[in-house]
Participant: 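This is the structure, below, for whatever I ask next.
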Amino acid sequence: MFAAVLSVASAQSQVQMELGIGGNVVVGAWNPLRVVARDLPVGSRLEVTFDHGSLREGQVPFVLSLPVSGGPGLSVVERTVYVAPFHSVSWAVVGQGAIVASGSIPGRDQDETPLDVVLSRRSGVFAAALPNDARVVDVGAAQLPLDVAAYDGVRSVIVDGSTVAPRLAALAAAASAGALVVLNGPLPQSHAELELLLDSHDGRLGAGSVVSHVGSPADVAQLVITAGTLSRRALVETAAATPLVTPPSQLRQQLVIVVAIVFSVVAVLLSRVFGGPGLVSTALLAVLLSVAAWQVARPPSPQVVGTRTVALVGGELALTTRLEEHYTLPATQLNLAAHARPLDVRPYRVDESGLHLSLGGWRSVVLAGAPDVVDAPLVLQEGSLHNRGDATLNEVLVVGLGPQGDLTPGASIRPRSLEDGPAPEAYARLIADLAPGTVIALSGCEAGCTVWLAPGILGDLALGDL
């Protein structure tokens, strides 16, 4: 449990910080962070420092700084943060120039295993049915977050109707993020609203799915264990492996050496033949060469930005992860209004205005945004792929059948086997990780491609029947 509580008697205040669902953190994933405080000074701030360094590298801090309203009564701060493997986590609430409360979390108990969240009065029965290495979390319905990114580290959510019904939006967020939501029925009338998630597309929703199952906890555990899901982390890393920007070309080293040698020879001759005036001419020539070199070699922009979005389609929704590569020429401080994190380990800061990090000259950083949900443009209608979006889907491909061409808004195509060829660079590396029958398409490549991946869209249609 990664929860910390500290009471400060002198200030008559109490602060509780909880990281992860039910205090359970999944390392290498986005996790919900919640701070509840009572009777804080007005204008207080929460400062949380994640040290991602090691004994060899030293401290590599990620600092989260957020305002706390303060005043009489309760103050609540909620945020979803990415938790990379860490050495330690320290936090403090600062008000009126003094630390009101503080605490720390050691790094020795961190775990990358996804969570199995159970909403049941018989949570122990489900925990016993799941494998010994499963991380089963027993929470109340009110503790389920509504943010899609908060379920990044959740494998399943099991509801058996024996507790208060969870919010429909919470289960929809869990499924969209990639979790398997199991409605272990028959459910009471108080849970009838949850069956709306089963109405269409075989319960597929975003990157996950919702299933209704009548059976024992052992049967539910088997469903969870055998549910095949794509590794979203691997997909993002593969998509980021292809450069998102083309750095400006620099002057070739050979040309610089040749110009330097010629200039040196001319400078020596001018100084020997003309003396003092020759030195003045040499200085003027140096200035002219510098201006000419700057005009030829200077980049069109001091910063180059490239983007790519990976979207997992399921039913009416798609789970998206936006990648941004920033390539800076002079050293600079990046200040971005984005809910994102760098893919590599480096110091950075996040506050209410966005993300801040320092970047050296001629260096790049790739940022991955928090998972989000959008409407899916690609659906299956009567055995045909249909584009219900506003933009053309280019380079449509079915893994195992080959390229299918472009799909304009409102148009449909029936998948068929065609001669395979080289895949577009934007998703060529992803194909090896995708199962046969997965549909891939591109859109918006004028301003940064969105790669749409629909692993289960063809449903029960066998490739041999298409």
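The first residue of the sequence shown is numbered 1, and numbering continues consecutively from there.
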Participant: Any idea which heavy atoms bring Pro415 and Ser384 closest together, and the distance?
Facilitator: CD-CA, 4.4 Å

Participant: Could you tell me whether a side-chain N or O of Asp406 sits under 3.5 Å from a main-chain N or O of Glu395, the two making a donor and an acceptor?
Facilitator: yes

Participant: Would a distance-only check, ignoring hydrogens and angles, find a side-chain to backbone donor-acceptor pair under 3.5 Å from Asp116 to Pro114?
Facilitator: no

Participant: For Ala37 versus Val15, what's the shortest heavy-atom pair and its separation?
Facilitator: CB-CG2, 3.9 Å

Participant: Compare all side-chain heavy atoms of Leu430 with those of Ile440 and state whether any distance is below 4.5 angstrom.
Facilitator: no

Participant: Take atom NE2 in His213; do more than 12 heavy atoms of anything else shown fall under 6.0 Å from it?
Facilitator: yes

Participant: Taking C-beta and beyond as the side chain, do Asp147 and Trp30 meet within less than 4.5 Å on heavy atoms?
Facilitator: no

Participant: Establish, from distance only, whether the side-chain atoms of His356 and Asn335 form a donor-acceptor pair under 3.5 Å.
Facilitator: yes

Participant: Could you tell me whether the side chain of Glu47 reaches within less than 4.5 Å of the side chain of Ser90, counting heavy atoms only?
Facilitator: no

Participant: How are the rings of Phe62 and Phe50 set to each other: parallel, tilted or perpendicular (split at 30° and 60°)?
Facilitator: parallel

Participant: Measure the spacing between CH2 of Trp91 and OG of Ser104 and express it to the nearest 0.5 Å.
Facilitator: 9.5 Å

Participant: Closest approach of Leu393 and Pro377, non-hydrogen atoms and distance?
Facilitator: CD2-CG, 4.2 Å

Participant: Any chance the side chains of Thr320 and Asp372 put a donor and an acceptor closer than 3.5 Å?
Facilitator: no

Participant: Of all the heavy-atom pairs spanning Pro145 and Ala170, show the shortest one and how long it is.
Facilitator: O-CB, 3.7 Å

Participant: Closer than 3.5 angstrom, by distance alone: can the side chain of Arg346 be matched with the main-chain N or O of Leu359 as a donor-acceptor pair?
Facilitator: no

Participant: Decide yes or no on side-chain contact (heavy atoms from CB on, under 4.5 Å) for Val396 and Val439, but give the supporting numbers first.
Facilitator: CA-CA 7 Å; Val396 179; Val439 180; 4.2 Å; yes

Participant: Please check this pair: side chain of Arg135 against backbone of Thr113, looking for a donor-acceptor N/O pair closer than 3.5 Å.
Facilitator: yes

Participant: With Tyr327 as reference, evaluate Val245, Val365, Leu244, Val366 under the side chain to side chain contact (heavy atoms under 4.5 Å, CB included) test and give the passing residue.
Facilitator: Val245

Participant: Do side-chain atoms of Asp219 reach the backbone of Leu223 as a donor and acceptor pair under 3.5 angstrom?
Facilitator: no

Participant: Could you check whether atom CZ of Arg388 has more than 12 heavy atoms from other residues, nucleotides or ligands sitting under 6.0 Å from it?
Facilitator: yes

Participant: Donor-acceptor pair, distance only, cut-off 3.5 Å: does the side chain of Asp152 make one with the backbone of Ala149?
Facilitator: no

Participant: Could you measure the distance from the CG atom of Asp138 to the CG atom of Leu119? Nearest 0.5 Å is fine.
Facilitator: 8.0 Å

Participant: Side chains of Leu355 and Leu334: does their closest heavy-atom pair fall under 4.5 Å?
Facilitator: no

Participant: Does the side-chain contact (heavy atoms from CB on, under 4.5 Å) test come out yes or no for Asn31 and Asn24, once each step is laid out?
Facilitator: CA-CA 9 Å; Asn31 290 260; Asn24 294 269; over 6 Å; no

Participant: Ignoring hydrogens and geometry, is there a side-chain-to-backbone donor-acceptor pair from Asp51 to Val60 under 3.5 Å?
Facilitator: yes

Participant: For a quick test of reading the model, state the closest non-hydrogen atom pair linking Leu130 to Arg155 and the distance between them.
Facilitator: CD2-NH2, 4.4 Å

Participant: Is there a side-chain contact (heavy atoms from CB on, under 4.5 Å) between Leu205 and Val181? Walk through the geometry before answering.
Facilitator: CA-CA 10 Å; Leu205 199 63; Val181 177; over 6 Å; no

Participant: Give me the atom names and distance for the closest heavy-atom approach of Leu171 to Leu183.
Facilitator: CD1-CD2, 4.2 Å

Participant: Rounded to the nearest 0.5 Å, what separates atom OH in Tyr151 from atom CG in Leu115?
Facilitator: 11.0 Å

Participant: To the nearest 0.5 Å, what is the distance between OG1 (Thr309) and CG (Leu442)?
Facilitator: 11.5 Å

Participant: Are more than 12 heavy atoms from other residues, nucleotides or ligands located less than 6.0 Å from atom CD of Glu382?
Facilitator: no

Participant: Taking it one step at a time, do Arg45 and Glu352 satisfy salt bridge (Lys or Arg N to Asp or Glu O under 4.0 Å)?
Facilitator: CA-CA 11 Å; Arg45 290 193 72 84; Glu352 62 271 26; 2.9 Å; yes

Participant: Are Thr307 and Glu324 linked by a side-chain donor-acceptor pair shorter than 3.5 Å?
Facilitator: no

Participant: How long is the gap from NE2 on His339 to CG on Leu336, to the nearest 0.5 Å?
Facilitator: 13.5 Å

Participant: Among Asp160, Thr163, Asn184, exactly one meets side chain to side chain donor-acceptor pair (under 3.5 Å) together with Ser120. Which residue is that?
Facilitator: Asp160

Participant: Would you check, one step at a time, whether the test side-chain contact (heavy atoms from CB on, under 4.5 Å) holds for Leu407 with Leu378?
Facilitator: CA-CA 10 Å; Leu407 195 56; Leu378 194 61; 4.0 Å; yes

Participant: Is there a donor-acceptor pair closer than 3.5 Å between any side-chain N or O of Arg167 and the backbone N or O of Leu146?
Facilitator: no

Participant: Taking atom CG of Asp344 as the centre, report whether more than 12 heavy atoms of other residues, nucleotides or ligands fall under 6.0 Å from it.
Facilitator: yes

Participant: If we only count heavy atoms from C-beta on, is the Val68 to Val35 side-chain gap below 4.5 Å?
Facilitator: no

Participant: Evaluate the side-chain proximity of Glu195 to Ser212: yes if any heavy-atom separation is below 4.5 Å, no if none is.
Facilitator: no

Participant: Look at the side chain of Arg308 and the backbone N and O of Ala240, then say whether any donor-acceptor pair between them is shorter than 3.5 Å.
Facilitator: no

Participant: Counting C-beta onward and ignoring hydrogens, is there a side-chain heavy-atom pair between Gln110 and Ile105 closer than 4.5 Å?
Facilitator: no

Participant: Is the closest side-chain donor-acceptor distance between Asn394 and Thr392 under 3.5 Å?
Facilitator: no

Participant: Is there side-chain contact between Asp433 and Ser231, with at least one heavy-atom pair below 4.5 Å?
Facilitator: no

Participant: Measure from the side-chain N and O atoms of Arg429 to the backbone N and O of Thr238, and report whether any donor-acceptor pair falls under 3.5 Å.
Facilitator: no

Participant: With sequence neighbours left out, what residues match Arg79 under salt bridge (charged side-chain N to carboxylate O under 4.0 Å, His left out)?
Facilitator: none

Participant: To the closest 0.5 Å, what do you measure between CG (Leu187) and OG (Ser162)?
Facilitator: 10.0 Å

